[in-house]
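Numbers here simply count residues along the sequence, with the first being 1.
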Amino acid sequence: MSMLLGVKISGKNKVTKFVQGKELELENSTGILQYRVNYRLQASHRKTVLYCTTSVSSSGTAFAFATPVLKLLARRELQSDLQALKIAVEQHLE
């Protein structure tokens with residue numbers, strides 16, 4: 001359960017695409033907001049680069065006016081989650 005603009009929203013994520021070690025795509029089409037997140041990994045020298053693409057939409061009119069804000073909030077939450085994951089992975093590797 002998440003809070004968005006003071007409204008509790010819930011939904012279930014579904015894996016819509018998975019390529020071992022290369023790509024993961026999640027979709028949430030339940031609730032008032034729908035989103036799709038695609039994570040793609042690419043080897044680069046001695047690092048791995050993570051590309052993240054998101055799309056957010058709403059089936060209801062309640063959030064239609066706030067689409068740009070919703071995209072920003074979704075991006076911010078994803079960046080926070082990815083930063084936490086990066087820290088966890090790096091600590092585990094040390």
Side-chain angles (χ1 to χ4, degrees):
M1 179 96 42
S2 298
M3 291 287 287
L4 182 62
L5 301 175
V7 177
K8 287 184 181 182
I9 59 171
S10 64
K12 293 183 180 180
N13 289 331
K14 178 172 114 178
V15 175
T16 55
K17 185 174 185 180
F18 179 75
V19 180
Q20 179 73 34
K22 294 192 182 276
E23 188 173 10
L24 171 66
E25 186 170 271
L26 302 172
E27 181 180 294
N28 183 327
S29 57
T30 59
I32 56 176
L33 294 176
Q34 295 79 45
Y35 61 85
R36 181 181 302 249
V37 182
N38 180 277
Y39 300 101
R40 193 169 40 87
L41 300 171
Q42 183 177 14
S44 175
H45 304 289
R46 301 183 79 191
K47 302 179 185 179
T48 299
V49 179
L50 173 66
Y51 295 95
C52 178
T53 306
T54 61
S55 62
V56 179
S57 62
S58 175
S59 58
T61 57
F63 291 107
F65 70 94
T67 299
V69 174
L70 295 175
K71 287 181 181 180
L72 178 64
L73 291 173
R75 171 72 61 181
R76 227 183 253 162
E77 187 168 335
L78 284 170
Q79 286 175 336
S80 175
D81 291 347
L82 290 172
Q83 183 62 31
L85 177 60
K86 180 181 184 286
I87 291 167
V89 168
E90 287 174 348
Q91 287 179 353
H92 182 0
L93 294 176
E94 291 177 356

What donor-acceptor contacts under 3.5 angstrom involve side-chain atoms of residues 40-51, with partners at least two apart or in another chain?
residue : atom : partner : partner atom : Å
Q42     : OE1  : Y51     : OH           : 3.4

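- Remark: S55 engages R36 in a side-chain contact (heavy atoms from CB on, under 4.5 Å) (not counting sequence neighbours).
- For L26, the side-chain contact (heavy atoms from CB on, under 4.5 Å) test picks out V15, L24, Y39, with sequence neighbours left out.
- Annotation: side-chain hydrogen bond (donor to acceptor under 3.5 Å, both in side chains) contacts of T16 (sequence neighbours excluded): E25.
- The salt bridge (charged side-chain N to carboxylate O under 4.0 Å, His left out) check on K22 picks up nothing, with sequence neighbours excluded.
- V37 places a side-chain heavy atom less than 4.5 Å from the side chain of C52.
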